[in-house]
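Report on the following structure.
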Amino acid sequence: MKKVDLQQIVKDAGIVGAGGAGFPTHAKLTEKAEYILLNAAECEPLLRVDQQLMEIYPKEIILGFEAAGKQVGASQAIIGIKNKHKKVINILNEAIEALNLTEYVKVTPLEDVYPAGDEHVLVYELTKKIVPELGIPLRVGCVVINSETALNIYNAINQLPVTDTYLTIAGDIENPVTLKVPVGTPIRALFEKAGIKDIDSYAVIDGGPMMGPVMENIDGFVNKKSKGYILLKKDHFLIKRKTVSLERASVVSRTACEQCRMCTDLCPRYLLGHNMQPHKMMRTLGYQLKDISEQDISQLCCECNVCELFACPVNIHPRAVNVIYKKKLQEQGIRYEPIKTEFTPRVARDFRLIPTKRLIFKLGLHDYDRPAPLDFDEYKSSYVEIPMSQHIGRPSQPIVSAGEQVKKGQLIAVIPENSLGAAIHASIDGVVVKVDEKSIAIKVGDYE
């Protein structure tokens with residue numbers, strides 16, 4: 001691949017982390033690292049995007065990944081993918097060999113456990129380095145991107161900005177499907193595309209079933225971070241668990257906690273050697289302690305939901321309690337100060353990893369753990385409403401006006417000066433029908 005100013009290309013293309021966080025990718029490429037890691041774990045149950053993209057676009061993803069690795073000066077590029085995806089692993093290895101990249105890019109199979117895709121867990125599994133408390137992978141010489149992000153980097157090098165995203169629609173529906181859709185597509189329209197006629201009888205989880213929230217309103221719009229929608233009946237166990245208010249979670253947890261400390265013993269960050277101990281927050285809640293300064297460890301919680309949706313034997317809410325104390329600490333201006341700089345995993349870690357199949361059974365999703373094949377008929381939207389804030393950082397600033405005709409790929413919003421953010425491009429050809437600080441709406445229309 002020819003020499004290019006990749007960091008500027010990625011910035012101009014509006015690429016953000018496609019795995020859910022939405023961190024602007026160009027900011028990651030400004031640093032130097034020993035390793036670049038491809039997060040292809042996709043460990044949230046029922047989501048099927050990354051595994052299919054790697055099967056269909058292996059060379060493009062590998063070339064985008066290689067380019068990012070060379071940009072940060074990484075000496076090794078490692079793809080982390082679950083060992084159950086044997087077909088995809090073979091395809092990736094064949095593509096790496098065909099591209100003559102066997103000395104630089106390698107595939108490392110991961111156990112089929114949750115949360116293998118957590119950045120801290122992934123870094124440890126692929127490099128045996130442990131990211132410090134409250135740290136990012138760069139602290140141990142690693143940069144992490146995901147599969148779709150690597151594909152977007154390849155596309156950017158070929159002058160294609162981010163205008164579309166891939167997402168899975170799955171759950172208690174007849175035909176799970178993965179779609180490529182324009183950014184800004186109305187979410188409700190996707191369910192119609194998937195053949196769901198009684199959408200109002202469902203609750204919808206935005207993202208994976210472990211970390212994704214239940215949507216209060218499905219009349220929103222797809223953004224660059226959208227990875228999937230899980231549809232379940234409103235009386236499903238998981239929906240009931242996820243819709244408990246923080247106030248109710250506090251009352252139930254205070255009265256029912258057995259102090260078994262399973263929430264801590266299975267916590268992925270605790271098992272990596274961090275000081276995260278959810279059971280201590282439960283004790284603080286139970287005793288109604290006024291001084292919460294020692295509960296600053298709640299700020300180490302990554303909200304993976306292992307404690308709440310898998311570990312707790314009495315189905316109470318350790319994650320919610322962590323969130324409650326996080327908010328109280330923030331209000332009091334208290335921030336956790338790490339005591340250690342070097343970490344080693346707990347001795348029991350290897351025996352406490354959570355198999356995905358067991359997790360799926362626990363969540364009541366076994367009947368819905370099915371393929372969601374990619375629909376190669378690219379979804380066409382006649383109306384999009386593109387959010388100005390769909391990434392970490394400040395909202396983008398519109399540079400178009402209502403009534404203006406735009407083409408797909410045209411720059412329509414820019415990063416505010418001296419800020420972290422991402423450029424935004426039109427995702428369809430059409431006429432701008434609305435512009436405000438929150439979104440730009442485009443409707444299909446004829447060009448003059």
Side-chain angles (χ1 to χ4, degrees), residues 10 13-26 38-40 42 44 46-57 60-61 64 117 145-156 158 160-170 176-191 193-194 204-208 211-212 215 218 220-230 372-393 396 408-413 421-429 439-442:
V10 167
I15 300 175
V16 302
F23 189 84
T25 304
H26 72 268
L38 189 75
N39 188 346
E42 196 166 37
E44 278 274 12
L46 309 191
L47 299 187
R48 303 285 187 259
V49 172
D50 289 348
Q51 56 201 263
Q52 296 191 79
L53 291 183
M54 289 182 292
E55 181 177 347
I56 298 167
Y57 305 111
E60 293 86 346
I61 288 172
I145 63 175
N146 99 320
S147 304
E148 188 175 343
T149 302
L151 179 60
N152 286 336
I153 291 172
Y154 173 86
N155 288 337
N158 290 279
L160 294 173
V162 177
T163 58
D164 302 275
T165 191
Y166 294 85
L167 51 83
T168 296
I169 300 176
V177 65
T178 298
L179 301 170
K180 179 183 179 182
V181 303
V183 173
T185 297
I187 295 171
R188 185 181 286 271
L190 297 181
F191 302 144
K193 168 70 174 176
V204 181
I205 298 174
D206 183 1
M211 296 184 71
M215 300 180 69
I218 65 168
F221 303 89
V222 170
N223 61 57
K224 294 178 184 179
K225 302 182 296 180
S226 299
K227 281 275 75 64
Y229 300 103
I230 308 300
L374 179 64
D375 186 340
F376 286 93
D377 292 331
E378 188 171 329
Y379 182 81
K380 304 292 184 182
S381 183
S382 59
Y383 176 86
V384 296
E385 191 161 326
I386 304 174
M388 294 296 97
S389 183
Q390 51 183 314
H391 49 262
I392 291 175
S396 302
K408 182 173 183 175
Q410 179 179 330
L411 184 67
I412 59 173
I424 295 175
H425 302 76
S427 58
I428 62 172
D429 296 342
S439 64
I440 296 174
I442 303 171

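What's counted below: heavy atoms across the whole structure, side chains too, no hydrogens, waters or symmetry copies.
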Worksheet entry | Side chain Thr185, main chain Val222, donor-acceptor under 3.5 Å | no
Worksheet item: Can we say Lys225 and Asp206 salt-bridge, meaning some charged N sits less than 4.0 Å from an Asp/Glu carboxylate O?
Response: no
Discussion item. Quick check for you: to the nearest 0.5 Å, what is the distance between Leu53 atom CG and Leu151 atom CG?
Written reply: 6.0 Å
Worksheet item: Is there a donor-acceptor contact under 3.5 Å from the side chain of Lys224 to the main chain of Gly14?
Response: yes
Worksheet item: What's the spacing between Ile205 CD1 and Met215 CE if we round to 0.5 Å?
Response: 11.0 Å
Discussion item. With a 4.5 Å cut-off on side-chain heavy atoms, are Gln52 and Tyr166 touching?
Written reply: no
Worksheet item: Under the 3.5 angstrom rule, does the side chain of Gln390 hit a backbone N or O of Asn223 as a donor-acceptor pair?
Response: no
Discussion item. To check you understand the geometry: which heavy-atom pair defines the closest contact between Ala413 and Met388, and what is its length?
Written reply: CB-SD, 3.7 Å
Fill in: Non-hydrogen side-chain atoms of Ile386 and Phe221 separated by less than 4.5 Å
no
Item to complete: For Asn146 and Asn39, indicate whether the former's side chain and the latter's backbone hold a donor-acceptor pair under 3.5 Å.
Response: no
Fill in: Derivation of the side chain to side chain contact (heavy atoms under 4.5 Å, CB included) call for Leu190 and Leu167
CA-CA 10 Å; Leu190 297 181; Leu167 51 83; 4.0 Å; yes
Item to complete: Hey, could you give me the NZ/CG distance between Lys180 and Leu374, rounded to the nearest 0.5 Å?
Response: 9.0 Å
Worksheet item: Is Ile61 close to Leu38 at the side-chain level, that is, under 4.5 Å between some pair of heavy atoms?
Response: yes
Practice prompt. Could you tell me whether Glu148 and Lys227 have a side-chain N and a carboxylate O separated by less than 4.0 Å?
Written response: yes
Discussion item. Return the CG to CD1 distance between Asn158 and Ile153, rounded to the nearest 0.5 Å.
Written reply: 12.5 Å
Worksheet item: Do Asp377 and Lys193 pass the salt bridge (charged side-chain N to carboxylate O under 4.0 Å, His left out) test, and can you show the C-alpha distance, the side-chain angles, and the key distance before you say yes or no?
Response: CA-CA 11 Å; Asp377 292 331; Lys193 168 70 174 176; 5.6 Å; no
Fill in: Heavy-atom check, side chain of Ile218 versus side chain of Tyr229, under 4.5 Å
no
Worksheet item: Less than 4.5 Å apart, any side-chain heavy atom of Leu47 and any of Ile230?
Response: yes
Worksheet item: With no hydrogens and no angle check, is any side-chain donor or acceptor of Ser427 less than 3.5 Å from a backbone partner on Val183?
Response: yes
Worksheet entry | Under 3.5 Å: donor-acceptor pair, side chain of Glu44, backbone of Met211 | yes
Discussion item. Can you tell me how far apart CD1 (Ile428) and OG (Ser382) are? Round to the nearest 0.5 Å.
Written reply: 7.0 Å
Fill in: Heavy-atom side-chain contact between Asp164 and Lys408 under 4.5 Å
yes
Discussion item. Measuring from atom OG of Ser147 to atom CG of Asn152, what distance do you get when rounded to the nearest 0.5 angstrom?
Written reply: 11.0 Å
Item to complete: Taking Thr149 for its side chain and Gly17 for its backbone only, find out whether a donor-acceptor pair lies under 3.5 Å.
Response: no
Worksheet item: Are the side chain of Thr163 and the backbone N or O of Gly409 linked by a donor-acceptor pair below 3.5 Å?
Response: no
